[in-house]
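Keep in mind it's a predicted model, so treat the numbers as computed, not measured. In what follows, chains are A, B, ... by sequence order, proteins preceding strands, each numbered from 1. Heavy-atom basis, side chains included; hydrogens, waters and symmetry copies ignored.
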Amino acid sequence: MLAVQDLYLSFGGIKALQGVSFAAQPGQITAIIGPNGAGKTSLFNAISGFYRPDNGKVIFDGQDITALRPDKRAELGIARTFQNIALFRGMSVLDNIKLGAHTRLKAGVFDALRYFGRAQAEELELRADIEQRVIEFLEIDHIRKAPVSALPYGLQKRVELGRALAMRPRLLMLDEPVAGMNREETEDMARFILDVQEEFGTTILLVEHDMHLVMDICTHVVVLNFGAQIASGPPETVRMDAAVIEAYLGAAA
Amino acid sequence: MITGNLKTSYGADEQVLDNRWKRLFLFSAVLGLGGIAGFGNDYIILIACQMGIMVIAVTGVNVVIGYTGLMSLGHAGFVAIGAYATVIFHNAAGGIIPDGVLTLVAIPFAVAVAALAGIVVGLPSLRVKGLYLAVATLSANFIILFLIEESFSAPWTGGMNGINTPTPNLLGWALDTRREQFILIAALAVLALLGAQNLFRTRVGRAFIAIRDRDYSAEILGISLYRTKLTSFAISAAYCGLAGALFAYFYARILPEQFELQLSLMLVAAIIVGGMGRMMGPVFGVIIIVMVPEAIKVSFGALAGGGAELAMIRAPLQEIAFGALIVGFLLFEPFGITQIMDRALRALNRWPFARG
Ligand SMILES: Nc1ncnc2c1ncn2[C@@H]1O[C@H](COP(=O)(O)OP(=O)(O)OP(=O)(O)O)[C@@H](O)[C@H]1O
Ligand SMILES: [Mg+2]
């Protein structure tokens, strides 16, 4: 599905990634964990195409996508959410989610100017699809017309997940989906993530600090520390790993 | 909150004219245009034609500045291209294509040439934003006029001296009075607005807004910044090209100096006053931008009865009023008249159940 091979990335003197390699198994949830500044978001940015790695490859479905622009990677089926919510703040929930379906829609400029006909048919079909696969699924029917900027943080995170789901992604990357959420919101989000995996068979890559969540729902864990990959394996073994315990205790102390 | 959401299907929910006040507004607007065409005197027809042409151009400016968030001070260049392309096409194809069809081909031709120019002028938007883009497009405006004025193009464009323009002819109907031309201008202005409205109900327009609001989020959803920004510039320039074609038909002669920076600034001012990124923004903006100087002119005429001293201060006063208008809107109502209208409409819609 997704494989990252020997990725190196630096910003001036800062080595954000130093030889990261792992593979995300199809239909599974893989977690990337590590202390603050470990390079998790940088890794996501390298996978989605915002950062060009100094060395190494990103392989998606057997294709080397290291040189592709972010929008091309999205077209291949890679979706993500951001650590600091990156919704279109002026738009309604519905419009945000519709934008997720952009690459699936076909209307050209002339269809759009006319609207009636092809564009309208497509828009109505999209609306019905989104209502069912995203809005109902994420239980956000009550806010579909609300401007996203008026929503509480937890709901915004959920809408951002919805926007990614509207892409019908094959790989879904979530950067700290439950950060800043209370217990209940966290449980809701965990349930949605598991539902996505189960219903749509989506491969998921998850960056998260909430260890309970990670240990509960992931099948594979990759641990980064100062850009280096210090462990990789199933949650039970990673949890016992000496280097991991050291990194976390070191960070806490 | 809008009271009484009784929609029963997604189709109904996707409608634009979703309450009776909007329908009433549209209905009276069409009625008003018909009234002008039928009963307006020469002066009203003249002003209405100028406004119609401006509305089309400002709608174009709105696409790129208001909806896509890309600054441009070069759109007068596209109006020039549309105007000159129309005249050149008429002169070149005059003997070949029958008169009744010429206009029907010349207008799309002018629109297409302007759209292509839009793509070229839009190229800097792939690298720079804001002030830098404003300067780049401003230079494009100068370059376009330079190319029109230069001696090598003078045989086609008339150079600095300008060139006489043809009379539009629709399948044998020669539009040789302003009243007839008003019908063409008004029809195309309404179509232009509807087209723009439609654009933003689909993926094409949504992508523009997405880029304006947060470009990296747009990219992550598979929206190509390159293609989308250039598409926006092309559509925007096409609108201005259409305005240019009508401009050429409307005036007996066109001159390069009519398409200078001042026109570009006026187009931007209109959208600031009317409401950026709002469908009716161009309409309200143009009404104000054209009416305020006109009102000053008319009231001065009445006051002075042609007195020389008063006439002297009229021109600067008009410019000061123009400037004050823009600054006023930027300070107090950055979303323009449309915002004020929206508020009124919402209040109306709730009435008599609630106020405010
Ligand atoms: N665009 C950038 N320019 C310069 N330095 C950067 C940039 N992006 C990330 N870094 C640096 O790279 C390192 C890794 O940052 P990154 O955001 O990937 O960490 P993270 O693991 O996501 O941390 P957190 O848990 O706090 O989100 C940090 O030292 C950060 O300051
Ligand atoms: Mg991070």
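The contact between Ile235(B) and chain A is made entirely by side chain atoms (from C-beta outward), counting heavy-atom distances below 4.5 Å. Only the backbone of Arg114(A) comes within contact range of chain B, judged by heavy atoms closer than 4.5 Å. Of the atoms belonging to Tyr216(B), heavy atoms from both backbone and side chain fall under 4.5 Å from chain A. For a residue to count as touching a neighbouring chain, one of its non-hydrogen atoms must lie under 4.5 Å from one of that chain's; by this rule Ile85(A) touches chain B with the backbone only. Proximity to chain B is limited to the side chain of Leu126(A), based on heavy atoms less than 4.5 angstrom apart. Heavy-atom distances place the side chain of Thr231(B), and not its backbone, under 4.5 Å from chain A.
In terms of heavy-atom pairs under 4.5 angstrom with chain B, the leader among Lys106(A), Lys72(A), Gln120(A) is Lys106(A). Ranking Leu87(A), Asp95(A), Leu76(A) against chain B, the residue ahead of the rest is Leu87(A), based on heavy-atom pairs under 4.5 Å. When the candidates Thr202(B), Leu221(B), Asp213(B) are compared by the number of heavy-atom contacts under 4.5 Å with chain A, Leu221(B) comes out ahead. The most heavy-atom pairs under 4.5 Å with chain B, out of Ala164(A), Pro70(A), Ala86(A), come from Ala86(A). Of the listed residues (Gly90(A), Ala112(A), Ala101(A), Ala79(A)), the one with the most heavy-atom contacts under 4.5 Å to chain B is Ala112(A).
Here the options are Val148(A), Leu99(A), Ile97(A), the test is side-chain contact (heavy atoms from CB on, under 4.5 Å), and the partner is Met91(A); only Leu99(A) passes.
With hydrogens and angles ignored, the 3.5 Å screen pairs no side-chain donor or acceptor of Tyr226(B) with any backbone N or O of Leu123(B). A donor-acceptor distance shorter than 3.5 angstrom exists from the side chain of Glu122(A) to the backbone of Ala107(A), with no hydrogens or angles considered.
With Phe88(A) as the aromatic partner, Arg212(B) does not meet the cation-pi criteria of under 6.0 angstrom to the ring centre and within 45 degrees of the ring axis. Geometrically, Arg201(B) engages Tyr115(A) in a cation-pi contact defined by less than 6.0 Å to the ring centre and at most 45° from the axis. Cation-pi contact between Arg133(A) and Phe200(A): present, with separation from the ring centre below 6.0 Å and deviation from the ring axis of at most 45°.
For Phe89(B) and Phe109(B), the gap between ring centers is short of 6.0 Å.
Atom-to-atom distance recorded for Phe329(B):CZ and Gln339(B):CD is 11.5 Å, nearest 0.5 angstrom.
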